[in-house]
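Presented below is the structure to which this report refers.
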Amino acid sequence: MVKRFNVTAVCRPELHYMVDITDRLKEIEAMIDRGDYFTMNRARQYGKTTTLRALAYRLKERYVVVSLDFQKLDSVDFSGNERFSQAFARACYNSVKKEAGISDSVRDVLRSLAFAVVEDMNLSKLFFYLSDWCEQSPKPVVLIIDEVDTASNYQVFLDFLAQLRAGYIDRDITPTFQSVILAGVYDIKNLKRKFVTEEQNKTNSPWNIAADYLVDMSFSAGDIAGMLREYEKDHMTGMDICAVSELIFDYTSGYPFLVSRICNLIDEQITGTNEFPDEASAWTAAGVLEAVSRILNEKSMLFESLQDKVDSYPELRELLYTLLMNGKEISYNPDDEAIDIAIMFGFLKVVHKKAVIANRIFETRLYNMFLTSPEMQGSKMYTLGDRYKYQFVKKDSLDMKLILERFVISFDDLYGDQPQRFLEEDGRRYFLLYLRPIINGTGNYYIESRTRNQERTDIIIDYCGKQYVVEMKIWHGNAYNTRGEKQLIEYLEHYHLNQGYMLSFNFNRKKKIGVREIQLGDKVLVEAVV
């Protein structure tokens, strides 16, 4: 059977090209051996279910593994203590009824609970028999529950967690599960928020016995390379595995779905097109950039979820807007609810105690979300970029010098006589507004994370397989400008480019606006001043 890159449901090693997660499984197994109870909360499509399936298979020799999925329960099953207890017993019975390590007496009890009269069931009775089962079992019992978010709106789930907590605390006296793993997007503290009143403590969760889950489930460049080596054995494309892996990682930061989607697109949709007629031409930097462009322009459950969360949480929208459009650094604060939400949903990550966008693809998608809003598209700068966009494309290349020349003219016409009313961060926003309709649907861009701040921003533009580096900065005198030129040259070296661009926002009344070319060694710098 021909393997493929999977982007739906569970990955299976016999059917799909996969990253080797053995080391991650060993870390989780060590937590189980210690008897930890914990939550595996990660963003959507982060490989949670695949990891749990592989973990259950790995554990089955030493443990009885009860694997449940709360998505398989109906909403009526969460309507009350009795119904939930019966539904949970039924799910346990279905999970282990064929297990060789289960005694007939335990099997019979689970079956009787599963099909008991609802009125005869309750959580206390359920946990009495679960404890009895754990005591009789020749192997320790591990409980894994996937998709716990399904229970997030129901009080009975909190009651269930309280029973698990009580069992954990008394386990030196009363037999109970060796380990419990709850998997979902939300952590239990966020579930608790849905039930509390103004007077209650928002972090008073019944799951405060949970151990920290610190296993890194993202893919490294080395992980991606290992997966591509497996693919290369079958296809012999001649790709530069290290270079392709590094580029995929650069754009995804190892987000599992995005990694798999790039590979899936190259393998199944990009190979065989006019631009990439064979696998050798597709598994290149240009092929990766084409895949990224397609991801940025497609609908998917991941991006629909992203849009939904931004719309549902005003504080999240404000945080992301401040970070992206205003260029402000945001220090990580674990008590900031907006940051907590953004990290939980996978939008942000923490790097050097700063909250930053999780990956380039999310960043560009969020920029596009903000820049293509009705308010932004109605702005004069966006309209001018859209009006002149066809002048700037020549043989699948961007005429960046012409873009800068036209932007300087447009900017000066619109804002040149009102410097007092103009904020520094507005310059970046206006250039992105001008650029967005020009590259729409064909190219994409991202902000170099190392330079995103109040004084300087480097934007990297990908267009038809070509890259352009534009440094945007606020003018702080000639000495600062010289340092900026030096840094831009370093970036050109990194991207193997001979020409770069600098856009300086000068608020000095005696400034001289315009565009000029500067020869710096073997590099050409096109500098625009507005």
Side-chain angles (χ1 to χ4, degrees), residues 7 41-48 185 216-221 224 246-265 288-313 315-330 332 338-352 354-373 376 428-429 432 435-436 439-441 443-452 457-462:
V7 291
N41 61 287
R42 291 293 184 273
R44 294 288 179 197
Q45 296 180 288
Y46 219 91
K48 297 184 293 295
V185 173
D216 185 359
M217 294 176 65
S218 64
F219 299 158
S220 67
I224 300 169
E246 289 284 354
L247 187 58
I248 292 174
F249 178 80
D250 285 346
Y251 275 88
T252 64
S253 295
Y255 197 111
F257 170 79
L258 296 177
V259 171
S260 297
R261 185 56 175 158
I262 287 175
C263 296
N264 172 266
L265 285 170
V288 172
L289 295 180
E290 173 63 20
V292 170
S293 180
R294 294 190 183 202
I295 290 173
L296 290 169
N297 288 284
E298 71 180 3
K299 286 189 174 182
S300 70
M301 291 181 61
L302 178 62
F303 292 131
E304 287 176 0
S305 175
L306 184 151
Q307 178 73 65
D308 177 67
K309 298 303 183 295
V310 171
D311 292 341
S312 300
Y313 294 88
E315 66 272 32
L316 175 60
R317 172 180 284 273
E318 182 179 354
L319 171 70
L320 295 173
Y321 188 92
T322 299
L323 184 62
L324 292 170
M325 304 305 292
N326 294 346
K328 293 182 179 178
E329 287 189 344
I330 297 179
Y332 172 65
I339 293 177
D340 187 40
I341 290 170
I343 292 174
M344 180 176 66
F345 290 138
F347 300 153
L348 298 184
K349 60 183 178 181
V350 180
V351 178
H352 303 309
K354 302 291 184 182
V356 301
I357 303 298
N359 57 69
R360 290 180 185 172
I361 292 177
F362 277 10
E363 177 180 292
T364 304
R365 190 82 179 209
L366 288 166
Y367 267 120
N368 291 344
M369 185 186 301
F370 288 125
L371 292 173
T372 57
S373 67
M376 291 293 189
R428 300 180 178 89
R429 182 168 70 253
L432 291 175
L435 183 66
R436 178 72 184 97
I439 65 174
N440 183 37
N444 59 77
Y445 53 89
Y446 65 91
I447 306 300
E448 171 56 59
S449 60
R450 290 170 290 181
T451 65
R452 185 192 288 107
T457 301
D458 289 334
I459 179 171
I460 314 300
I461 302 167
D462 297 324

Subject >> Distance in Å, Glu363 CD paired with Asn444 CG, rounded so as to fall on 0.5 Å steps >> reply: 11.0 Å

Original post:
Taking atom CG of Asn359 and atom CG of Asp250, what is their separation to the nearest 0.5 Å?
Top reply: 11.5 Å

Original post:
In Å, rounded to the nearest 0.5 Å, how long is the span from CD1 of Ile224 to SG of Cys263?
Top reply: 7.0 Å

Subject >> From Lys309 atom NZ to Arg317 atom CZ, the distance as rounded to the nearest 0.5 Å >> reply: 14.0 Å

Subject >> Phe303 versus Leu258, closest heavy-atom pair with distance >> reply: CZ-CD2, 4.4 Å

Subject >> Considering all heavy atoms, the nearest Ser218-Ser253 contact >> reply: CB-O, 4.0 Å

Original post:
Under a 4.5 Å cut-off applied to non-hydrogen side-chain atoms, are Ile343 and Tyr332 in contact?
Top reply: yes

**OP:** Check the surroundings of atom CD in Glu318: do more than 12 heavy atoms from other residues, nucleotides or ligands lie under 6.0 Å from it?
**Re:** no

Subject >> Any side-chain heavy-atom pair of Leu319 and Tyr313 under 4.5 Å >> reply: no

Original post:
Taking side chain as C-beta onward, heavy atoms only, is Leu432 less than 4.5 Å from Ile459?
Top reply: yes

**OP:** For the pair Leu265 and Arg261, evaluate side-chain contact (heavy atoms from CB on, under 4.5 Å) and give the outcome as yes or no after the intermediate values.
**Re:** CA-CA 6 Å; Leu265 285 170; Arg261 185 56 175 158; 3.6 Å; yes

Subject >> 4.5 Å side-chain heavy-atom contact, Thr252 and Phe219 >> reply: no

Original post:
Would Arg365 and Asn368 count as a side-chain hydrogen bond (donor to acceptor under 3.5 Å, both in side chains) if you check the C-alpha gap in whole Å, the side-chain angles of each, and the deciding distance to 0.1 Å?
Top reply: CA-CA 5 Å; Arg365 190 82 179 209; Asn368 291 344; over 6 Å; no

Subject >> side-chain contact (heavy atoms from CB on, under 4.5 Å) between Leu366 and Val310, intermediate numbers included >> reply: CA-CA 9 Å; Leu366 288 166; Val310 171; 4.3 Å; yes

Original post:
Has the side chain of Ser373 got a donor or acceptor atom that lies under 3.5 Å from a matching backbone atom of Phe370?
Top reply: yes

Original post:
For the residue pair Pro256 and Gln45, what are the closest heavy atoms and their distance?
Top reply: CB-O, 4.3 Å

**OP:** Look at the side chain of Ser293 and the backbone N and O of Leu289, then say whether any donor-acceptor pair between them is shorter than 3.5 Å.
**Re:** no

Original post:
Side-chain contact, heavy-atom cut-off 4.5 Å: Ile357 with Leu348?
Top reply: yes

Subject >> Lys48 side-chain N/O to Arg42 backbone N/O, donor-acceptor pair under 3.5 Å >> reply: yes

**OP:** Could you grab the distance from atom CZ of Phe362 to atom CE of Met369, nearest 0.5 Å is fine?
**Re:** 10.0 Å

Subject >> Side-chain heavy atoms of Asp462 within contact of Ile439, under 4.5 Å >> reply: no

Original post:
Quick one: CG on Leu306 to CZ on Phe347, what's the gap to the nearest 0.5 Å?
Top reply: 3.5 Å

**OP:** Check the angle between the aromatic planes of Tyr445 and Tyr367 and answer parallel, tilted or perpendicular using the 30° and 60° thresholds.
**Re:** tilted

Original post:
Going by heavy atoms in the side chains, are Leu302 and Tyr255 under 4.5 Å from each other?
Top reply: yes

Original post:
Side chains of Val7 and Phe257: closer than 4.5 Å at any heavy-atom pair?
Top reply: yes

